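So you know, we letter chains A, B, ... as the sequences are listed, proteins then strands, and number each from 1. Computed from a predicted structure; not experimentally measured.
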Amino acid sequence: MDLDALFGCLSVPACAVTQVSTGLIIGMLLFLVASGLSLIFGVLGVINFAHGAFYMLGAYFALAAYQLTGNFLAALGAGALGMALFGAIFERLFVSRIYGRDVLMQLLLCYAFVLILDDMVKIIWGAEYRMMGMPQSFAVPPLFIAGGPVPPYYLFMIGISVVVGGLLWLGIARTRFGKLVRAAAHNPQMVGALGVNTSLLYASVFGVGSLLAGLAGALAAPVRSLTPGMGLSILIESFIVTVIGGMGSIVGAFVASLLIGLTRSFGSLGFPLFVDGAMFVMMALVLILRPSGLFGRQV
Amino acid sequence: MGAGLIRDLGFGAAALVFLLLIPAFGGGAGLNDFLIYVAAYGLLALSLNLLTGYTGLVSFGHAAYFASGAYSFGLLMQSGEVSVPVAFVLSVGFTALMALVIGAICVRLKEIYFAFLTLAFQMMFHSIILTWVSLTGGDQGLMGGIPRPVFWGIDLSGPESFYAFCMVVFVICALILRQIVQSPFGHTLRMIRDNPERAVFLGVNTYWAKLLAFVLAGAIASVGGILLALFASGAYPEFAYWTMSGQAIFMIMLGGSRVFLGPLLGAALLQGLNHYITGWTEHHGLVLGIVIVVAVLGLRRGIADFALDWAQSRRERRDAPADPAPAVSGEKA
């Protein structure tokens, strides 16, 4: 415990700005991963245990594309669209075969893919840490906000995550596709009976959820070291975010991600060993006091 | 009931004799170690199935009680002030108390919320182990070895006697679990799983029944942790990490949750695949993953459950050859 360091940092603007910006990018990555997880769970009822592995794969796809083309936008596209395609195929080939079975069977299937994908990455890219490095266009001196240095890439990450989150909300709340998705979450038989191709709908929902994980991985690639198994911790944090925010709520996922991101960045100063513990204490409190989450519908 | 008890005792005794004879018939140290692992993880999976399979409560935090058994037993033995049986009883008692407190909060919640809350408590326990370095050794684990002083004339320092000790403890615990499952209380738990409203109408206090199941499962999981701590001569924070609970769930799903010994089969399979594939290829995750995918997509249920359904449909076809009614997969174990 080093609470003096925590309060010391809070009273110095430069330090506070650095910690806030770190907390925000952790939170934004979490938001992208968790909203994909929550979308898939909300519509398909599947807890995609492999979602963390999808995040990892997105990062490695981005790394490969960047090394091939040297273009960061191509890397982002490879991570996001590559994973969208991967997710849709994964749903059609494997997950769709055990709908209606025990939810735990789906969990076991996804766990098997965590093992497989981690080893595939090990075989293709090696077990050691890989770095992508900051893309050329962002290799500029940091901005100074209230005396605290903030890399421009952080602002780009935050901006793109907010835009994607907004688009996701709009897409679900305002478009025909979103209407179908919400209807399918409510009553898939009726949606099918009305002539909607539910198989295609399910595959695209899984694809969109995977796209979000892949995009998060690609965005993380320049600022994180890549390693097989990097998806494990973000998976468990996404669960926390989903629970705290309320399952199926995008706004809730956003708020909870920020909360967890800031807890991580400030907690690493004040109580480095108990950061995980603090997150789980928050999760337990929410479950005990308001099981449906801060923004979830009351059950 | 009486006949069932005698049959279970007979089966348990036969299994124990078989297990104890394995070293005499050239089992080798490697096989003994493997069976001790299976016994420890088997108790974790079997006890979790009392909640998951029989009561319908999917706990994602069951390894907390496994770890609690390992750590409290290790700490008590390292203090040098108690004998093995006393430390054993105290560790199980402490774990049961912990399960009582956590369970009292958790069993109010349903389904996925229950799963997440048990997970949260387990991870808090894990964080406490990591943070309380002076007591637990933090992320290094409980170092310095766990002494095995002689008690009741039993010396556990030799590998053969230790193996026998583990097998005896395992068989006794499995028999206790079996009796719980077969008792009227066990049938009450099945009713709570299948139709909680009906259970309430019939005057069952589902809260207390679920809480009792939670405490019993936690206590038996702690015995698994004690065996593993003795075997590894230490306790490690990984015992309390969420992946350990995940593995226990996967053992149940792979082996089967409707047959009493299904989770044990799953534990043996997962441990066996882990042990033997690691020696054969460095990509054991890939091989294990593919085996699980094939099992899940091929059988769509646990292996023992699949065998049960297969045997039942065969029997039904034989008994009623003219009736083409499909086999109903029923509850048997």
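In this structure, chain B has a heavy atom under 4.5 Å from the side chain of A:V243, while its backbone stays farther away. Neither the backbone nor the side chain of A:L285 has a heavy atom closer than 4.5 Å to any heavy atom of chain B. Looking at B:I105, only its side chain comes within 4.5 Å of chain A, counting heavy atoms on both sides. Looking at B:I249, only its side chain comes within 4.5 Å of chain A, counting heavy atoms on both sides. At a 4.5 Å heavy-atom cutoff, the contact between B:I128 and chain A is made by backbone and side-chain atoms alike. Contact annotation for B:V58: only side-chain heavy atoms (C-beta onward) come within less than 4.5 Å of a heavy atom of chain A. For A:I236, the part sitting under 4.5 Å from any heavy atom of chain B is the side chain, from C-beta outward, and nothing else. Proximity to chain A is absent for every atom of B:S257, based on heavy atoms less than 4.5 angstrom apart. Of the atoms belonging to B:L109, it is side-chain heavy atoms, and not backbone ones, that fall under 4.5 Å from chain A. A:D118 does not touch chain B: none of its heavy atoms, backbone or side chain, sits under 4.5 Å away.
Closest of all the heavy-atom pairs between A:M105 and B:G302 is CE-N, 4.0 Å. The two residues B:L254 and A:L108 have their closest heavy-atom pair at N-CD2, 4.0 Å. Taking all atoms of both residues into account, the shortest heavy-atom contact from A:G277 to B:M124 is O-CG, 4.2 Å. Contact record, B:L288 with A:L115: CD2-CD1, 3.8 Å, taken as the closest heavy-atom pair. Listed here is the closest heavy atom pair of A:F274 and B:S127: CE1-CB, 3.6 Å.
Taking CG from B:L117 and CZ from A:F280, the interatomic distance works out to 11.5 Å, rounded to the nearest 0.5 Å. Expressed to the nearest 0.5 Å, how far CZ of A:F239 lies from CG of B:L119 amounts to 8.5 Å. Note that the CG atom of A:D276 and the NE2 atom of B:H126 stand 8.0 Å from one another [nearest 0.5 Å].
No more than 12 heavy atoms of other residues, nucleotides or ligands lie within 6.0 Å of OH in A:Y129, so this atom counts as exposed by the packing criterion. In the displayed structure, B:Y37 atom OH is contacted under 6.0 Å by at most 12 heavy atoms of other residues, nucleotides or ligands. In this structure, B:M244 places its CE atom where more than 12 heavy-atom neighbours from other residues, nucleotides or ligands lie under 6.0 Å away.
Ring geometry for A:F49 against B:F250 counts as perpendicular: the plane angle is over 60°, on a 0 to 90° scale with 30° as the lower cut.
A heavy-atom distance below 4.5 Å is found between the side chains of A:M247 and B:F116. B:V293 has its side chain within reach of A:L109: a pair of non-hydrogen atoms, C-beta onward, lies under 4.5 Å apart. Looking only at side-chain heavy atoms (C-beta outward), B:I252 and A:L104 stay at 4.5 Å or farther from each other. By the 4.5 Å heavy-atom criterion applied to side chains, A:I98 and B:L297 are counted as neighbours.
Considering only heavy-atom pairs separated by less than 4.5 Å from chain A, the leading option among B:T52, B:I112, B:T243, B:V133 is B:I112. Between chain B and the residues A:T242, A:L232, A:V114, A:V286, the largest count of heavy-atom pairs under 4.5 Å involves A:L232. For chain B, the option among A:L273, A:I240, A:I288 with the highest count of heavy-atom pairs below 4.5 Å is A:L273.
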